[in-house]
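Following: one structure in structure tokens, then a few remarks.
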There are 2 protein chains.
Amino acid sequence: MAIDLPTDPATEAWTLLSRIMMARKGHMLETAAAFELSPPQMWALRHLEPGTPLPMSALAELLHCDNSNVTGIVDRLESRGLVERRPAAHDRRVKHLIVTEAGARVREEVGARMNQPPPGFENLTPDEQRRLATLLRKVAG
Amino acid sequence: MAIDLPTDPATEAWTLLSRIMMARKGHMLETAAAFELSPPQMWALRHLEPGTPLPMSALAELLHCDNSNVTGIVDRLESRGLVERRPAAHDRRVKHLIVTEAGARVREEVGARMNQPPPGFENLTPDEQRRLATLLRKVAG
DNA sequence: TATTGTTATACTCTATAACTATA
DNA sequence: TATAGTTATAGAGTATAACAATA
């Protein structure tokens with residue numbers, strides 16, 4: 001049913017992690033669709049913290065894509081009134097992105113859905129969930 | 001630095017899991033690019049097990065996309081000689097996908113790179129890695 | 001000269017709707 | 001009638017190259 005089998009513990013853990021995430025892809029797409037966002041638009045919105053202006057190029061890095069690509073993604077978010085472009089004071093080549101009030105509301109609801117753990121986590125006791133979180137905290141660094 | 005903060009253990013674990021996976025996106029894109037595959041083409045190839053024919057529609061479900069979409073993705077894989085279409089015997093509307101020998105080789109190398117655990121897993125002792133795998137096995141169900 | 005963001009271009013992904021060939 | 005896959009179409013994502021404005 002899913003792509004492959006592991007060998008050593010780290011590889012097995014990583015493979016399982018990938019599999020769990022892959023199984024959540026449908027939920028991700030449904031969440032984006034529920035707010036009429038494309039996946040990249042949703043990621044962009046999630047990366048933009050209200051109150052923290054972010055240069056276009058920084059968003060491009062976070063999205064792992066080219067600057068030219070971000071232009072279009074931001075165009076569409078801006079045309080919906082979810083974000084705004086604002087020339088940076090210190091360097092007028094740079095444009096800062098800021099989330100609007102409407103954008104912050106959508107971002108909040110998107111986050112609430114995306115942070116909802118998939119059903120499989122119910123297979124763990126609260127104590128196991130805590131131990132899992134502790135281990136993953138170390139992996140995340 | 002990354003998108004949000006959690007509350008209960010399951011949500012925290014899930015958020016960390018998402019963050020670890022997101023941090024690996026660059027590696028995923030590099031892997032696909034190294035073989036001149038688009039991400040969907042790479043996923044498709046990974047889902048196709050050598051020796052196990054898969055109907056187009058089954059691949060569409062695995063990729064969470066429309067049948068019409070799979071047509072183009074498979075067209076491009078087929079034009080590179082990585083997969084083949086073959087009409088199914090029991091129902092001639094169905095087309096089975098089979099990985100060619102060349103496809104199996106690429107698939108193998110892609111898998112080897114994608115299964116490589118990110119650096120963060122070195123932060124765990126072998127025993128912790130085993131315990132992590134055990135917990136994730138329960139989550140994956 | 002170098003950098004930020006945009007524009008132009010070309011290709012891929014994506015869904016919807018209409019079509020075909022089977023069933 | 002219903003289903004599997006294709007085609008047609010339109011919109012969005014993607015990178016590369018060329019460009020404007022700024023540094």
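Just so you know, these numbers use all the heavy atoms, side chains as well, and skip hydrogens, waters and symmetry mates. In what follows, chains carry the letters A, B, and so on, assigned in the order in which the sequence lines appear, proteins first and then strands, with residues in each chain numbered from 1.
When the side-chain nitrogen and oxygen atoms of A:N69 are compared with OP1 and OP2 of D:dA15, one or more of them lie within a distance under 4.0 Å. Residue B:R85 places at least one side-chain N or O under 4.0 Å from the OP1 or OP2 atom of D:dT6.
Under the 3.5 Å distance criterion, the side-chain polar atoms of A:Q41 are left unmatched by any main-chain donor or acceptor of A:L77.
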Please enumerate all protein N or O atoms sitting under 3.5 Å from an N or O of nucleotides 20-23 of chain C, with distances to 0.1 Å.
residue : atom : partner : partner atom : Å
C:dA23  : OP1  : B:R92   : N            : 3.1

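When distances are taken from the side chain of A:T71 to each of C:dT6, D:dG13, C:dC13, the shortest belongs to C:dT6. Residue B:D66 has its side chain nearest to C:dT16 when only C:dT16, C:dT6, C:dC13 are considered. Counting only heavy atoms from C-beta on, A:P40 has its side chain closest to D:dG13 among D:dG13, C:dG5, C:dT16. Closest to the side chain of B:S38, out of D:dT14, C:dG5, C:dT12, is C:dT12. Of the candidate nucleotides C:dT6, D:dG13, C:dT12, C:dT12 has the atom nearest to the side chain of B:Q41.
Taking atom CG on A:N67 and atom C1' on C:dT3, their separation rounds to 10 Å, with Å as the unit. If you take CD of B:E30 and P of D:dA15, they are 12 Å apart, rounded to a whole angstrom. Taking atom CG on B:L37 and atom P on C:dC13, their separation rounds to 10 Å, with Å as the unit. Put simply, CG on B:L59 is 14 Å from P on D:dA4, counting in whole angstrom units. The distance from atom CE of B:M56 to atom C1' of D:dT3 is 14 Å, rounded to the nearest whole Å. The nearest whole Å value for the distance from the CZ atom in A:R76 to the C1' atom in D:dG13 is 7 Å. Remark: P of D:dA23 and NZ of A:K95 are 13 Å apart, rounded to the nearest angstrom. If you measure from atom NE2 of B:H64 to atom P of C:dT14, you get 11 Å, rounded to the nearest angstrom.
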With salt bridge (charged side-chain N to carboxylate O under 4.0 Å, His left out) as the criterion, how do A:R137 and B:E12 come out once you've worked through the C-alpha distance, each side chain's angles and the decisive distance to 0.1 Å? CA-CA 9 Å; A:R137 234 179 282 119; B:E12 183 188 0; 2.7 Å; yes
Run the side chain to side chain contact (heavy atoms under 4.5 Å, CB included) check on B:H64 and A:M28 step by step: do they pass? CA-CA 11 Å; B:H64 297 278; A:M28 181 277 281; over 6 Å; no
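In plain terms, the two heavy atoms of B:P50 and B:R107 that are nearest each other are CD-NH1, 3.6 Å.
Between the CD atom of A:E128 and the CZ atom of B:R131 there is a distance of 12.0 Å, given to the nearest 0.5 Å.
Residue B:S68 is in base contact, counting any heavy-atom pair closer than 4.0 Å across all strands shown.
The same ILVMFWY cluster, assembled from side-chain heavy atoms under 4.5 Å apart, contains both B:L135 and B:L124.
Between the side chains of B:S68 and B:D66, at least one donor-acceptor pair of N or O atoms lies under 3.5 Å.
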